[in-house]
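Keep in mind that this is a model prediction, so the values were computed, not measured. By convention here, the first residue in the shown sequence is residue 1.
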Amino acid sequence: MISNMAKPQVSGRLLSMRIFVLPVAVVVLLAAGLVGVPMLLQAAILIGIAKILIDSYWNIREGHYSLDYIAFSAMVVSLATGAYVPGAVIALMFTGGEALEAFASDRAEDSLRALVSRIPKTCLVRKGGSFVEVAIQQVQSGSVIILKKGELVPLDGTLVSENALFDVSNLTGESDPLEAVGGALIKSGSVNTGGTIELRVVGDFSTSTYRRIIGLVEEARRNPARFVRLSEQVNLPFTIATFGLAIGAYLWSGEVSRALAVLVIATPCPLIIAAPVAFLGGLSRAAKNAIIIRSPASLEVLSRINAVYFDKTGTLTLGEPTLSQIDLIAHRLGSEDEALSIAASLEMHSLHPLARTLVKEAQKRGIRFVAAQSVEEKIGEGIAGSVQGVQCSLSRAPLGTSEAGIVLSLTRDGSEVARIRFTDVMKPNTDALFRSMRRRGIEVGIITGDRQANAESLFGSYGVDIHAGASPENKFRIVKVAKSAGKSVMMVGDGLNDAPALALADVGVVFSGSENAASIEAAHVVILERGLDHVSQLLNIAGKSVRVARESVYGGIALSLVGMMLAAAGYIEPVAGALIQEGIDVVVILNALRALR
């Protein structure tokens, strides 16, 4: 699309309503003008000229000089020669392109609003023997706040209650919940999934973990990646060639008509039309494959990606703990089914994610189990009870530093009888995806909040870089370092903890289906299904769309240059030049439509 640089920004819903005012006005004027009111076509052209002048002012203030000189000259010439329809069409392409970009920018701002909207505006703070409602920004370090089940932790703090259970997937991306005991540091952004608890605040709102995540996304949005678009690469040299031929034709012949003919043929429709048509074709193809690309500009960036970072849980894996094996100890039980029956009898009383996995697995295998009696569950320790008159328990087993996965220890009458192991399962086609990346010469890395051993057990054999134990800040920093090294980076994730890295990457790709709408808004591309083959499809579509756009742009310019030289030599009159340019436009558009296939 036509280059649009820095301009004063109006955010929020007001912008969403205003951005399409100009293109709609141009469409109305163009449609009315085609039925026989030339003055309306002139008005449409004047809107386009005025818009270019305003945009140029802001671009020059920002130090950007790759302006739309030819589009401006073409609309001026169309007014001077009476060729109003081409001029009005150029005005529509210009204002429409800018509106689409502004709309995409506004959607990006929505990501920040979605992040902020999740933060509670107030919380209950202990004052004396009761709790009073206080604005989050006014809560001081050392204050004790109360959190009910399902509430998001608004401020970092230490746990005052004896124990608690938290969903920390917002921060780590991992499905394994955090079982905390009194005194543990709880980061804001976690969700209380247990009962009502108390927390002693550490720091304040400005230093809280969740606020820092928002700050990272804001930083990425304030400093977007700058890249030179295909139209910008060709714009300046084509402009110089056009004005050089036009001025030379006039000085050589003394005829203004020759200069006008050159400018008419040089109307930059290959620049204005070819790339957008090819890119819209690519967007359409992607949509048919359940891939939503927010902006055509993302296709150009995707075509030159040379480094891709993947989140692990929910992106490369299914994101749910799966029972992998049951190890019987010293033949104290008759079978794995007996161990699973005891475990399910205990865990049917628990809401823990691992408990649900065990109960579902027992039901799936058709194993009979009965409700345990005198059940006692201690968060952070485990669950115990009487199963058919025998005291049994299930608790987290200690792991060695190199041991992967989650392991529970099952005891009966005080003796350990089995160890039950859980793991996350890789999505199908992971190996094919990594091979595809290697063939393209793309560097692959995995950034995960999980333990190094877990990540190594799944991906250690693939020869990819693994960054384990990564917080949202770590993920942001890894992407930032890669970009600073000159790499074109794509980040693929699915959770709020990925949002800063998604926003900072040259292209952020998110798998939808999570509840983190903010991470979806922070991304440039949304994949509506969970299959990894969509990532390869995305790169294929981007590569072909850019290739077709490049062929159309350079082919159209070559044809225009031939026509311009003939016009400069006096072989083509302005009116004939307009017809020839229309023919070039048709050829360019037909070629660009190949991107749909």
Inset, instruction - For residues Ile49 and Val76, determine if any side-chain heavy atom of one lies less than 4.5 Å from a side-chain heavy atom of the other. - result: yes
Inset, instruction - Find the distance between OG (Ser545) and CG (Leu299) and round it off to the nearest 0.5 Å. - result: 5.0 Å
Inset, instruction - Determine the minimum heavy-atom distance between Ala286 and Ile293, stating which atoms define it. - result: CB-CD1, 3.7 Å
Legend entry - Leu539 side chain reached by Arg440 side chain, heavy atoms, under 4.5 Å: yes
Legend entry - Heavy-atom side-chain proximity of Met491 to Leu504 below 4.5 angstrom: no
Legend entry - Inter-residue atom distance Ile527.CD1 - Gln537.CD, 0.5 Å rounding: 8.5 Å
Legend entry - Heavy-atom side-chain contact between Asp311 and Phe511 under 4.5 Å: no
Inset, instruction - Output the distance between atom OG (Ser488) and atom NZ (Lys483), rounded to the nearest 0.5 Å. - result: 9.0 Å
Legend entry - Salt-bridge contact Asp506-Arg304 (side-chain N to carboxylate O under 4.0 Å): no
Legend entry - Trace of the side-chain contact (heavy atoms from CB on, under 4.5 Å) decision for Ile47 with Ile45: CA-CA 5 Å; Ile47 290 175; Ile45 296 171; over 6 Å; no
Inset, instruction - Answer yes or no: is there a donor N or O on one side and an acceptor on the other, between the side chain of His524 and the main chain of Gly508, under 3.5 Å? - result: yes
Legend entry - Pairing residues for Arg435 by the salt bridge (Lys or Arg N to Asp or Glu O under 4.0 Å) criterion, not counting sequence neighbours: Asp431
Inset, instruction - Using a 4.5 Å cut-off on heavy atoms from C-beta on, say whether the side chain of Leu41 contacts that of Leu29. - result: no
Legend entry - Nearest non-hydrogen partners of Gly493 and Asp498, listed with the distance: CA-OD2, 3.5 Å
Legend entry - Partner set under side chain to side chain contact (heavy atoms under 4.5 Å, CB included) for Gln42, not counting sequence neighbours: Met39, Leu79, Tyr84
Inset, instruction - Check whether any side-chain heavy atom of His534 sits under 4.5 Å from a side-chain heavy atom of Val509, and report yes or no. - result: no
Inset, instruction - Quick one: closest heavy-atom pair of Val507 and Ser298, and the distance? - result: CG2-O, 4.1 Å
Legend entry - Side-chain H-bond candidate by donor/acceptor type, Arg285 with Asn540, under 3.5 Å: no
Inset, instruction - Establish, from distance only, whether the side-chain atoms of Ser471 and Asn474 form a donor-acceptor pair under 3.5 Å. - result: yes
Legend entry - Reported NE2-to-OG1 distance for the pair His467 and Thr448, which is rounded to 0.5 angstrom: 11.5 Å
Inset, instruction - Output yes when a side-chain donor or acceptor of Lys487 lies under 3.5 Å from a complementary backbone atom of Val308, and no otherwise. - result: no
Inset, instruction - Give the minimum heavy-atom separation between Val262 and Ala246, together with the two atoms involved. - result: CG1-N, 3.8 Å
Inset, instruction - Would you indicate whether the side-chain heavy atoms of Leu433 and Asp533 approach each other to under 4.5 Å? - result: no
Legend entry - Pairs involving residues 240-258, ordered by first then second residue, that meet salt bridge (Lys or Arg N to Asp or Glu O under 4.0 Å) (sequence neighbours left out): Glu255-Arg258
Inset, instruction - May I ask you to decide if Lys427's main-chain N or O and Thr430's side chain share a donor-acceptor pair within less than 3.5 Å? - result: yes
Legend entry - Non-hydrogen atoms of Pro428 and Leu532 that approach each other most closely: O-CD1, 4.0 Å
Inset, instruction - Determine yes or no for a side-chain-to-main-chain donor-acceptor pair under 3.5 angstrom, with Thr315 supplying the side chain and Lys312 the backbone. - result: no
Legend entry - Expected output: side-chain Ser436 to main-chain Ala432 donor-acceptor under 3.5 Å: no
Inset, instruction - Could you walk me through whether Met437 and Phe310 pass side-chain contact (heavy atoms from CB on, under 4.5 Å), step by step? - result: CA-CA 12 Å; Met437 293 293 174; Phe310 291 94; 4.0 Å; yes
Legend entry - Approximate separation, where rounding is to 0.5 Å, of Ile442 CD1 and Arg438 CZ: 12.0 Å
Legend entry - Intermediate values then yes/no, side-chain contact (heavy atoms from CB on, under 4.5 Å), Phe434 and Leu316: CA-CA 11 Å; Phe434 289 161; Leu316 293 175; 4.0 Å; yes
Inset, instruction - Nearest 0.5 Å please: distance from the CG atom of Leu30 over to the CG atom of Leu40. - result: 10.0 Å
Legend entry - Check: Tyr309 and Glu443 side chains under 4.5 Å, non-hydrogen atoms: yes
